[in-house]
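The next block holds one structure in the form of C-alpha cells; read it before the comments.
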Amino acid sequence: MTPGRNLNRPFAGPVFAAAVLAIVGAGCGPGRVAGPVPDMAAAAKLRDVLKAGEAAGEAGQAAAATGTGWATLTGRFIFAGIPGEKKVLVVDKDMAVCSKDGMKLYDQSLRVDAASKGLADVVLFVRKSSRVKNPVPTEQLFFDQKNCEFLSPVFAARVGQPVDVRNSDSVGHNTNISGSSFNQLIPAGEGTVYAPNAETGMPVSVTCNIHPWMKAYAVFRKDGYVAVSAADGSFAIPDLPAGEPLEFQVWHARSAGGLKLDRPELKWSPKGRFQITLQPDEVKDLGTLEVPAAALGG
Amino acid sequence: MKRLTGMFWALVFLAVPVLGVATFAVAPSINVWLPSDVSAHGHEIDSLFYFILALTGVVFVATEVMLFWFMWKYDAAARQGEKATYIQGSHTLEVVWTIIPAATLLFLAIYQMNAWANVKMRRPDMPPTVEVVARQFEWRLRYPGRDGLLGTPDDLHIVNDLHLPVDEDVLVQLKSMDVLHSFFLPNLRIKQDAVPGMKIPVWFKGTETGSWDIVCAELCGWGHYKMKGRITFVTRPEFDAWLERKTAEQDATQPVPEASGEIVAN
Amino acid sequence: MSNHLRLACVALVPALLVAGGCAPTPPASFRLNMVEATSPSAEKDSVSAQLALTPVQQRQVATILTAMFGTPDEPVCLPETGLDPAKLKLAAGPVRSDIVGRKNGLYREHCVHCHGITGDGLGPTAAFLNPYPRDYRPGVFKFKSTERSSKPTHADLVRVLHNGVAGSSMPSFALLSPGEVDAIVEYVKYLSIRGETEIALMQYFFELDDEDKGQLKETREFLVGEILEPIAGKWASAAEELIEVPEMPADIDLAASIAKGRELFHGDKANCVKCHGVTALGDGQANDYDDWNKNIVKIETKLAALSAGDADAEERRWASEFHEVLDGDALKPRTIPPRNLRHGIYRGGRRPLDIYYRIHAGINGAPMPAAKGTVAPEDIWHIVNYVRSLPYDFDGELGADRAVAAQPSTVGGLVASKATPASEEN
C-alpha cells in the first residue's frame, strides 16, 4: 500500500473526524433548568436541631394582645376599570339543558355591577383571631347549581357549618371541591349536606367533572370571620374581636395571590393583606375600596 | 527476527482452536453451559446440539490445526530463498470440499426433522391450558377457569407467574398485545416468537417440579431486558388448589385481612 | 497520510468514545420541584411572578428538605414520618449487595427510569409512556381501598406492585420477594411524604408575615409540628379510613343484578353514561384532565394569556423562565379519556371489590366522582356486576344501546325503561 495522500478523497480525514464528533456531541444537549444546590453543612446542622426534639424553638412568640368586646367591619369594593366582554364558555355536554334555547354561559370570574361599579365576589377573611364570639352555626348554607352553572361564583362557610350542596338543575352533576374529600355525584333535583372539616388557606376551586366548564370557588375558615362581597361590592363582617390587631387577607378570582390595593393607611401589603385594630362596639366602614384594573389583570 | 515474527503469528492462530476447545471443556463447571432440562422433549434437542457440536468441533479443530501447521511449516523466513509453487488451484479439491459439507448439512436437515416436528408441528389435540399474552413488558396469563373455556367471565387472570401441572401435556396459546416478543423457556427448550395478530400454539411437558425462568427473546423495547416471568411446575392436586385459591382471590367481594407479611393479590 | 498517522487516528476514535463515558458521575441528588417553585399555589390558574420563589428561597427549601429527608444515597427519616429506616436503606442508594448478599438499591434498579430519582414521574423513559408514570409528590394515589382523599394503606401499595397496573406500563413485581416489595413501598411513601412537604414549604412562603423577611422559620415546632406532622398523620390514619363494603348476597340472581346495573348505569342518579358513553366505550367525553396534567394545562393557559395581554417586564421574564422550566420539568399534558369498559382491562384491579372501591369513592386525582351517598351500596354492587359483564357482552347489546343514543337526550337523562333483549331473557 502506497503511503501518502489519497488524491481522490482529500477530505476523508476531516470529514470522518467531524462525523465522530457529531455522534459524540449529539448526546450533549441543553439539560433541565439548573435547580438550587442545597447547603449540605447547614442541612446537617438543621437535622441535628430537628432530631434533638427541641420543642422551644424560637423563644416563644410574644403573647398575642387581646382585648374585649366585638366590632364590625364594612366596606364596598368598586372596580375602577372597564370590565371587558364576558368570555363565552364552551358548552359541549347535555346541550339540551345547558344550551337550551340558544342560551350562552359566561365566565363569571369578574362581576361588576353596571350602575354602582360594585365589584362582587371579593373574599376577605381574618388570618388569625384569638377569640370567636359565636359557636359554629347550625343553619345550613345553600350552594346551588342550575342551568349547568354554579349559582354562587364564590361561597364562604365556617368549618363545621353544614352546607346543603344542591342540584336544582335537570341533569346530574358532580361537585368536586378541590383539596377536600368532597367529589360527589348529585342527581338532578337532589342535594347532599357537606360540613367542611378543614379550613382552606386561600379559596379553592369547585368544579364539575361531567361539565368541565363549571367553576366556582369556596373558602372555609375555622373562626368564620370571612365575607364575600355582594353584587354591589359591599361586605360586612360582624362580631370581630376588638382591641387586637387583625390582619385580613383579601382575594379575588382574578388576582394572583392576594388582591393588592393602594391604601397605605391600612398598611396594605403586596400579598393582599391589611391590618386594622377595632374598638369595642365600633362599626368601622372602610369606605369605597377602589380596585384598579391592573390588580385583576392576571 | 523475521522467523520469530512468523512463529509468533502461527502460534497466535494456534491459540484459536486451543482456547476454543478449552472454553467448551471448562464451561459446564463455571455454569455457562446448557441450562438444566426439565422437559420431556428436551433430551432430543440437546442430543442434536451435541451431535452438531461434535461434528463441527472435529472439523473446526482439524482446519485450524492445519492452518497453524501450514503457517509454521511454510514460513518464508525458515525457507529462505525458496520460491512458492505457482498453481492454478485444484478443481477436484474444490468439488470435494463442497460436496462433503453439503452432504453433511443435508444429512443434518433430514436427521433433525423429527425433533422439529415434535416441537413445532405435532400439536396435541387438547384445549389450551393457558393463554399467554406477551405485552411490553410482562407476560399476561389467562387460565380458562371452571367452565374450561377461554374468553368467558370466569377466566383467571395472572401476570408473570405461570403455574402448570407437572408430567402432563400442556398447550399454551401465545399472543402478543403490541409488538413482537418471544416466549423463551430456557429450561424447557422452548422458544416461540409472539407475533401480533397471531394465535400460536406452544406445547411441552414438564418433568420436574420447581420454578424456572420465562424470558423474552425478541427485542421489544426499552424494557426487553427485564421482561422476566416465572414458570412453576407443581403436582396436579397442588395446581388445582392453586387455581381455586387464585380464582377465589379474584372473585373477592370483601377485603382480606392482611396477614403479616403475606401478599394477597390476584 | 502516513501509516503511523492513520493508525493513530484509528486508535484515537475508539479511545475518545470510551473516554466519553468515563467522566466521574456525581452522586445522585434530588431535584427541586421547579414547577411548584415557580408557581407555589394550590390553585394554578391564579399564579404570577410575585408568588414565584427567589433562588435564595429555593435554596432554603432544598436545604430544609436535605435536613429532613437526606439524599437519594443516604435517606433520613424523622420518627414523625412513621417510616422504617431499615427498609429505606434497602431501597435507597445505588444498586449493590450488602454484607449478607441482599440486594440494595431496589428503587434505583426497578423504579427510577420511569418514576425518577425524586419520585416526580420524570424519569428518562417517562416521556414515551401513555399514561405517564405516577408523580408521588402531590401525595395523590388512585387505586386504593380507602375513601377518596385518604392515603392508600401499605397493603394497597403492595397490591399495586404485585399486580402492576393493567393497561399501563407499570409492570408486575410479583417475582420480587415480599421483603423487597415492602422496602420499595416504604421508599415510595418516603418520596411522597418528602414531595408533599416540599410543596407545603413552598406554598408557605405566601403565608409568611412581613417580619419573616421571606425566610421560613427553621425550628422544629414549625418544620415538624406544622408542616410534617399533618402530612405524615394522613398516611398513618389511612388504615382507619377504609371503605366499608357491604356483603354481596351469596344467592344473588346475577342476570337480574346485571339488568338492574344497566338501568343504574344509564340512569340519572349515577350518570355513568355521561362520561363512559352510552355504549360504555369511554366515548362520553374527551376533554378533561387528571390533576397532574390539569395543573400544567392551567399554567400553560395562564402563560398564554400573559403573552397575549400586556404584561410588565417582570411578568414577561417570569413567563419565559417558566417556559424553560416546563420544557425540562413537565411532560406535555394529555387528556384523560374515561375508561373503555368493554376492554376488560381494569387498572386498579379486576376483583368485584376493586370495582366497588372505584365506584364508591371515585378515583382520587382523576375526574371519576364518588357515588357514595348518591347510590345505595346494594345498587353499587349491581353496577359492579353490570360493568364486569360488559367485556363479554356479545349479543347485540351494543346495537340496542346505539338506538337509544340516536334519540335526542331528553330532560332528566336517558329513558331508563327501554326493554332490551337481555332483560327480556330474565
Side-chain angles (χ1 to χ4, degrees), chain A residues 3-5 13 16 20 24 31-33 35-40 42-44 46-47 49-55 57-58 92-94 96-97 170-172 174 176 178-181 183-188 190 192 201-205 209-210 212 253-257 269-271 297-298, chain C residues 1-3 9 13 16-17 20 31-32 34 42-43 46-48 50-51 55 58-59 62-64 66-68 76 78 147-149 206-207 210 217-224 268-271 274-275 285 287-288 309 324-325 328-329 362 367 369-374 408-409 411-413:
Chain A
R5 226 165 217 282
F16 181 60
V20 167
V24 169
R32 294 155 90 173
V33 164
V37 178
D39 179 347
M40 299 306 286
L46 179 57
R47 189 175 305 143
V49 167
L50 295 176
K51 282 199 164 148
E54 256 172 55
E58 294 182 335
D92 51 5
K93 292 214 65 81
D94 284 324
V97 175
S170 44
V171 284
N174 82 291
N176 183 350
S178 122
S180 78
S181 51
N183 175 0
Q184 250 183 258
L185 286 169
I186 310 184
E190 295 187 23
T192 185
M202 303 289 264
V204 293
S205 57
N209 294 109
I210 305 178
R254 290 231 190 148
S255 66
S269 84
K271 287 190 175 171
Chain C
M1 258 212 294
S2 73
N3 268 338
C9 285
V13 167
L16 275 174
L17 289 171
R31 189 169 166 71
L32 199 75
M34 295 305 292
E43 289 301 310
S46 46
V47 292
S48 77
Q50 288 95 21
L51 288 176
Q58 288 178 15
R59 191 155 197 247
T63 307
I64 292 175
T66 310
M68 291 174 83
V76 164
L78 298 168
E147 294 292 352
R148 190 190 181 87
S149 69
F206 185 74
E207 295 297 316
D210 288 332
K217 296 189 271 286
E218 289 181 11
T219 62
R220 193 184 151 76
E221 191 186 343
F222 171 65
L223 292 175
V224 176
D268 49 10
K269 257 193 151 43
N271 274 306
K274 289 293 164 62
C275 295
Q285 84 176 22
N287 54 3
D288 211 344
E324 257 188 76
V325 165
D329 282 71
K372 135 178 143 170
T374 312
S409 83
V411 167

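Predicted model, so just to flag it, every value in this text is computed and none were measured. Chain A is the first sequence line, chain B the second, and so forth, proteins listed ahead of strands; every chain is numbered from 1.
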Do the side chains of [Y] and [X] get nearer than 4.5 Å, heavy atoms only?
{"X": "Asn209(A)", "Y": "Cys275(C)", "value": "no"}
{"X": "Leu185(A)", "Y": "Pro369(C)", "value": "yes"}
{"X": "Val49(A)", "Y": "Glu218(C)", "value": "no"}

**Prompt:** For Lys269(C), what residues pass the salt bridge (Lys or Arg N to Asp or Glu O under 4.0 Å) criterion, not counting sequence neighbours?
**Reply:**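 Glu190(A).
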
So how far is it from [X] [atom1] to [Y] [atom2], rounded to the nearest 0.5 Å?
{"X": "Arg47(A)", "Y": "Leu78(C)", "atom1": "CZ", "atom2": "CG", "value": "8.5 Å"}
{"X": "Lys274(C)", "Y": "Asp94(A)", "atom1": "NZ", "atom2": "CG", "value": "3.5 Å"}
{"X": "Asp288(C)", "Y": "Ile210(A)", "atom1": "CG", "atom2": "CD1", "value": "10.5 Å"}

Give, as side chain, backbone, both or neither, the part of [X] having an atom under 4.5 angstrom from any heavy atom of chain C.
{"X": "Thr192(A)", "result": "neither"}
{"X": "Ala44(A)", "result": "neither"}
{"X": "Lys271(A)", "result": "both"}
{"X": "Pro203(A)", "result": "backbone"}
{"X": "Asp39(A)", "result": "both"}

Go through the atoms of [X] and report whether side chain, backbone, both or neither lie under 4.5 Å from a heavy atom of chain A.
{"X": "Val325(C)", "result": "both"}
{"X": "Ala371(C)", "result": "both"}
{"X": "Arg31(C)", "result": "side chain"}
{"X": "Glu43(C)", "result": "side chain"}

Which of the residues [options] is involved in the greatest number of heavy-atom pairs with chain C at under 4.5 angstrom?
{"options": "Pro270(A), Gly172(A), Pro212(A), Pro38(A)", "answer": "Pro38(A)"}
{"options": "Asn183(A), Asn176(A), Asp92(A)", "answer": "Asn183(A)"}
{"options": "Ala42(A), Ser205(A), Ser269(A)", "answer": "Ser205(A)"}

**Prompt:** Any idea which heavy atoms bring Pro367(C) and Asn174(A) closest together, and the distance?
**Reply:**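 Minimum heavy-atom separation between Pro367(C) and Asn174(A): O-ND2, 4.4 Å.
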
**Prompt:** Can you name the residues that form a ring-ring contact (aromatic ring centres under 6.0 Å, His included) with Phe222(C), not counting sequence neighbours?
**Reply:**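 Counting only residues at least two positions away or on another chain, Phe222(C) forms a ring-ring contact (aromatic ring centres under 6.0 Å, His included) with Tyr204(C).
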
**Prompt:** With chain A, which of Arg59(C), Arg148(C), Gln50(C), Lys372(C) has the greatest number of heavy-atom pairs at distances under 4.5 Å?
**Reply:**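 Among Arg59(C), Arg148(C), Gln50(C), Lys372(C), the one with the most close pairs to chain A is Arg59(C).
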
**Message:** Taking every non-hydrogen pair under 4.5 Å, which of Gln285(C), Glu147(C), Glu324(C), Met68(C) racks up the most with chain A?
**Reply:**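 The answer is Gln285(C).
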
**Prompt:** Please walk me through it: do Leu223(C) and Leu46(A) pass side-chain contact (heavy atoms from CB on, under 4.5 Å)?
**Reply:** CA-CA 10 Å; Leu223(C) 292 175; Leu46(A) 179 57; 4.1 Å; yes

